[in-house]
Amino acid sequence: MNITPVTLASDDFIAVSNANKTKETEGTSSFDTIFNAAVDMYKEADSLQKAAEEAEISFALGYTDSIHDLALAQQKANISLQYTVKVTNAVVSAYKELMNMQI
């Protein structure tokens with residue numbers, strides 16, 4: 001049985017907070033860093049969803065009989081999706097608040 005490490009959700013927050021602290025260095029701005037962290041978050045959520053789907057198909061076709069691996073893949077995908085949606089909602093909320101500010 002293979003156990004793959006799961007990245008911590010706080011890693012994305014650390015990347016965002018570090019991006020705010022740094023100035024433009026080596027041609028990358030803090031916006032680029034934040035944007036790339038967001039894109040990576042979506043890619044990771046997508047890959048976990050695909051892995052869960054592959055585990056479901058594999059189990060349904062009888063290639064594997066481990067219900068534990070199937071449940072684990074589904075739970076990882078579910079948590080990743082929930083996290084991505086919450087972060088997205090927070091960013092959209094912050095954007096709306098900034099747009100409503102009067103200068």
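The chain is numbered in sequence order, starting from 1. Note that these values count all heavy atoms, side chains included, but never hydrogens, waters or copies made by symmetry.
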(message) For the CG atom on Asp65, are there more than 12 heavy atoms of other groups (residues, nucleotides or ligands in this structure) within a distance under 6.0 Å?
(response) no

(request) Indicate, with yes or no, if Val92 and Phe35 share a hydrophobic cluster defined by side-chain heavy-atom contacts under 4.5 Å among Ile, Leu, Val, Met, Phe, Trp and Tyr. (result) no

For residues 56-63, please give each side-chain donor-acceptor pair under 3.5 Å, one per line with the distance, not counting sequence neighbours.
from, atom 1, to, atom 2, distance (Å)
Glu56, OE2, Gln74, NE2, 2.9

(message) Would you compute the distance between atom OG1 of Thr84 and atom CG of Leu48 and round it to the nearest 0.5 angstrom?
(response) 9.0 Å

For residues 96-103, which side-chain donor-acceptor pairs fall under 3.5 Å, sequence neighbours excluded?
from, atom 1, to, atom 2, distance (Å)
Asn100, ND2, Lys96, O, 3.2

(message) Keeping Ser80 on the side-chain end and Lys76 on the backbone end, is there a donor-acceptor pair under 3.5 Å?
(response) no

(message) So which atom in Ala73 and which in Ala51 form the shortest heavy-atom distance, rounded to 0.1 Å?
(response) CB-O, 4.5 Å

(request) Report the C-alpha separation of Leu70 and Ile67 in whole Å, then their side-chain angles, then the decisive distance to 0.1 Å, and conclude whether the side chain to side chain contact (heavy atoms under 4.5 Å, CB included) test is met. (result) CA-CA 5 Å; Leu70 174 61; Ile67 192 75; 3.9 Å; yes

